[in-house]
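Source: prediction; values computed, not measured.
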Amino acid sequence: MATAALQAIRNSVPAVLPSLLLCDFGDLKGELAELTAAGAGVLHLDVMDGNFVPNLSYGMPIVEGLRRHTDLPLDVHLMISDPVAYAKPMVDAGADMLTFHVEAVRDPVETVGKLKDLGVGVGIALNPETPLASLDEAMPLVDMVLVMSVEAGFGGQAFNPIALEKLRSLRRDYPELLLEIDGGIDVDTIALARAVGCDLFVVGSAIFRQDNYAAAIADLNIAIQAGTDQAFASDQDGEEQL
Ligand code: DX5
Ligand code: ZN
């Protein structure tokens, strides 16, 4: 059963998702207003526990504060060691989609089930070094796969192209599945990811290190279109060779 927020995320495709990690946490209301005016349709919240990843960001109070000031769907990226323990508090705080890391849990299928019971969209994430096969058992159950193009934990890292191969395989095997990429996404890498079938593009420094968020997001959307055109041209070439 798709929630209204999960459907809104699906309807936003293809979409740039600003990642709230490098934003100005001293002015969250202002940041929300600027991102909304810039056309952001979904927000990506980077929750880090200092244990699963060597960085500490924020938890339910920030999610709840954001919820109070925006109606945009909140795509919560749980970079934490015990996603089940914090799933309900995160949903109660206002999360619409919970994405956990396959590397963090013993039983991904059981984890998906417990998160699904909370009535939210459920995504599963994997780091660059983690093979796609680790997702196999959970694939029939998840609403989304988040393919990391950096090692989870920090913004501003260099893009790892292994994510493109994973996205290409996932799109081939799961034509309808929501695919999201996260890490090192800019106007160049976003086009490459779109060309292999990615739907959602998490962006941190390529937005928050720019003066004008609207201009940054507009440039990213133009690059997404270039990737869409590339994918279409590739499909055409493939059909002509048949
Ligand atoms: C990293 C986070 C990403 C990161 C993206 O662990 O999951 O969302 O903030 O930042 P950039 O776009 O700068 O790589
Ligand atoms: Zn993230």
Side-chain angles (χ1 to χ4, degrees), residues 5-6 8-48 55 57-59 61-79 93-97 99 121 123 125 144 146-150 152-159 163 178-195 198-229:
L6 176 57
I9 292 172
R10 286 199 179 113
N11 295 342
S12 74
V13 169
V16 172
L17 278 62
S19 143
L20 298 192
L21 183 66
L22 300 177
C23 61
D24 177 359
F25 283 97
D27 180 22
L28 268 184
K29 272 184 77 174
E31 294 285 81
L32 278 179
E34 191 169 350
L35 289 169
T36 306
V42 181
L43 297 177
H44 180 87
L45 278 49
D46 281 319
V47 175
M48 301 177 183
N55 195 4
S57 61
Y58 51 84
I62 292 287
V63 176
E64 194 274 328
L66 288 163
R67 184 73 293 160
R68 269 189 284 116
H69 295 288
T70 183
D71 293 328
L72 294 180
L74 302 181
D75 166 44
V76 177
H77 181 188
L78 296 172
M79 289 166 274
D96 293 302
M97 165 84 82
T99 298
M144 180 177 80
L146 168 52
V147 177
M148 294 301 294
S149 30
V150 297
F154 296 90
Q157 300 179 76
F159 180 80
L178 263 182
L179 299 179
E180 182 173 290
I181 191 170
D182 185 2
I185 299 301
D186 60 21
V187 288
D188 298 319
T189 55
I190 204 167
L192 298 175
R194 181 60 177 164
C198 194
D199 298 308
L200 302 170
F201 308 87
V202 176
V203 180
S205 44
I207 293 174
F208 293 101
R209 289 190 176 148
Q210 312 301 320
D211 293 334
N212 182 322
Y213 295 171
I217 291 174
D219 290 345
L220 289 159
N221 281 319
I222 290 167
I224 286 175
Q225 185 55 51
T228 302
D229 296 345

Around atom CG of Asp24, are there more than 12 heavy atoms of other residues, nucleotides or ligands at under 6.0 Å?
yes
Steps toward side chain to side chain donor-acceptor pair (under 3.5 Å) verdict (Asp229, Gln225)
CA-CA 6 Å; Asp229 296 345; Gln225 185 55 51; 2.7 Å; yes
Closest non-hydrogen atom pair between Pro73 and Asp96, with its separation:
CA-OD2, 3.3 Å
Short question: side chain of Ser149, backbone of Asp182 - any donor-acceptor pair under 3.5 Å?
yes
Which atom names give the shortest non-hydrogen contact between Val42 and Ser12, and what distance separates them?
CG2-OG, 3.7 Å
Asp46 vs Ser19, test: side chain to side chain donor-acceptor pair (under 3.5 Å). Steps then yes/no.
CA-CA 7 Å; Asp46 281 319; Ser19 143; 2.7 Å; yes
Residue set satisfying side chain to side chain contact (heavy atoms under 4.5 Å, CB included) with Glu34, at least two apart, ordered chain then number -> Glu31, Tyr213
At what distance, to the nearest 0.5 angstrom, does CG of Leu45 lie from CG of Leu20?
5.0 Å
Just wondering, do Leu220 and Val187 contact through their side chains at under 4.5 Å, heavy atoms?
yes
Begin from the C-alpha positions of Val16 and Ile190 and carry the test side-chain contact (heavy atoms from CB on, under 4.5 Å) through to its verdict.
CA-CA 9 Å; Val16 172; Ile190 204 167; 4.1 Å; yes
Non-neighbouring partners of Gln157 that pass side chain to side chain donor-acceptor pair (under 3.5 Å), sequence neighbours left out:
none
Is there a side-chain contact between Ile224 and Asn221 in this structure, where contact means two heavy atoms from C-beta onward sitting under 4.5 Å apart?
yes
Shortest non-hydrogen contact from Gly94 toward Arg67:
O-NH1, 3.0 Å
So do Thr36 and Leu72 actually touch side chain to side chain, heavy atoms under 4.5 Å?
yes
Side chain to side chain contact (heavy atoms under 4.5 Å, CB included) partner of Leu43, chosen from Leu35, Asp75, Leu17:
Leu35
For Gly184, is there any backbone N or O sitting under 3.5 Å from a side-chain donor or acceptor partner on Thr189?
yes
Please evaluate residues Leu32 and Leu66 with respect to the criterion side-chain contact (heavy atoms from CB on, under 4.5 Å), reporting the C-alpha separation (whole Å), side-chain torsions for both, the decisive distance (0.1 Å), and the verdict.
CA-CA 8 Å; Leu32 278 179; Leu66 288 163; 3.8 Å; yes
State, to 0.1 Å, how close Met97 and Leu6 come at their nearest heavy-atom pair, and which atoms those are.
CE-CD1, 3.5 Å
Between Ala152 and Met79, which heavy-atom pair has the shortest distance, and what is it?
CB-SD, 3.7 Å
Just how far is it from atom CG of Asn55 to atom CG of Leu21, taken to the nearest 0.5 Å?
6.5 Å
Answer whether the closest heavy-atom distance between the side chains of Pro14 and Arg194 falls below 4.5 Å.
yes
Minimum-distance pair of heavy atoms, taken over all atoms of Phe159 and Ile181:
CE1-CD1, 3.8 Å
